[in-house]
Amino acid sequence: MAEIEVELKTAPADFRFPTTNQTRHCFTRYVEFHKCLAAKGEESGACEKFAKYYRSLCPGDWVERWNEQRETGLSLGLFDVTTVPCTVLL
């Protein structure tokens, strides 16, 4: 029987978040993912890296709560992810 090799990765280091507290890094990656979806569409695979990043950084409970807030039309934080331009996508 052939062995299956599994490669585990997390989000790459980001100079904007130099400390060990990754809360802000988690939220930023979550927002980047949804900005990418808004800009490129759900069918685009270009946003998948952002999804992997936030999924590896964020606790599932937070993501569930943010998803519920988005579904009910509440803004996440101080901005709406569908209207703020995403400089990362350029």
Side-chain angles (χ1 to χ4, degrees):
M1 189 155 122
E3 284 188 35
I4 298 174
E5 187 175 317
V6 177
E7 184 178 351
L8 300 176
K9 289 186 174 182
T10 188
D14 192 323
F15 70 90
R16 297 174 293 178
F17 311 102
T19 64
T20 57
N21 183 345
Q22 294 296 303
T23 303
R24 194 166 159 210
H25 189 182
C26 153
F27 183 72
T28 299
R29 294 300 189 171
Y30 178 83
V31 170
E32 285 175 342
F33 170 69
H34 289 286
K35 285 181 185 178
C36 182
L37 287 182
K40 298 190 180 242
E42 300 215 7
E43 294 78 31
S44 173
C47 305
E48 202 51 41
K49 67 180 179 181
F50 296 115
K52 288 179 185 177
Y53 297 164
Y54 89 76
R55 289 178 185 142
S56 71
L57 291 167
C58 302
D61 291 343
W62 293 4
V63 174
E64 286 177 25
R65 187 170 1 124
W66 294 335
N67 287 339
E68 289 170 5
Q69 290 174 342
R70 287 183 54 256
E71 288 170 7
T72 60
L74 294 176
S75 176
L76 295 173
L78 302 174
F79 51 88
D80 181 354
V81 297
T82 60
T83 59
V84 176
C86 182
T87 56
V88 175
L89 300 175
L90 299 177

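We count residues from 1, following the sequence as given. Small disclaimer: the values here were computed from a predicted structure and weren't measured.
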Discussion item. Between E48 and R55 (salt bridge meaning N to carboxylate O under 4.0 Å), is one present in this structure?
Written reply: yes
Worksheet entry | ring pair (Phe, Tyr, Trp, His ring centres under 6.0 Å) against F33, all qualifying residues, sequence neighbours excluded | Y54
Worksheet item: In Å and rounded to the nearest 0.5 Å, what is the CZ to CD distance from R29 to E32?
Response: 5.0 Å
Discussion item. Tell me every residue that passes salt bridge (Lys or Arg N to Asp or Glu O under 4.0 Å) with E64, counting only those two or more places apart in sequence or in another chain.
Written reply: none
Practice prompt. Report the residue from R65, R70, Q69 that forms a side-chain contact (heavy atoms from CB on, under 4.5 Å) with N67.
Written response: R70
Worksheet item: From K40 NZ over to C47 SG, what is the distance, rounded to the nearest 0.5 angstrom?
Response: 7.0 Å
Fill in: From F50 atom CZ to L37 atom CG, the distance as rounded to the nearest 0.5 Å
10.0 Å
Worksheet entry | Within the 6.0 Å centroid threshold, strictly below: F27 and W66 | yes
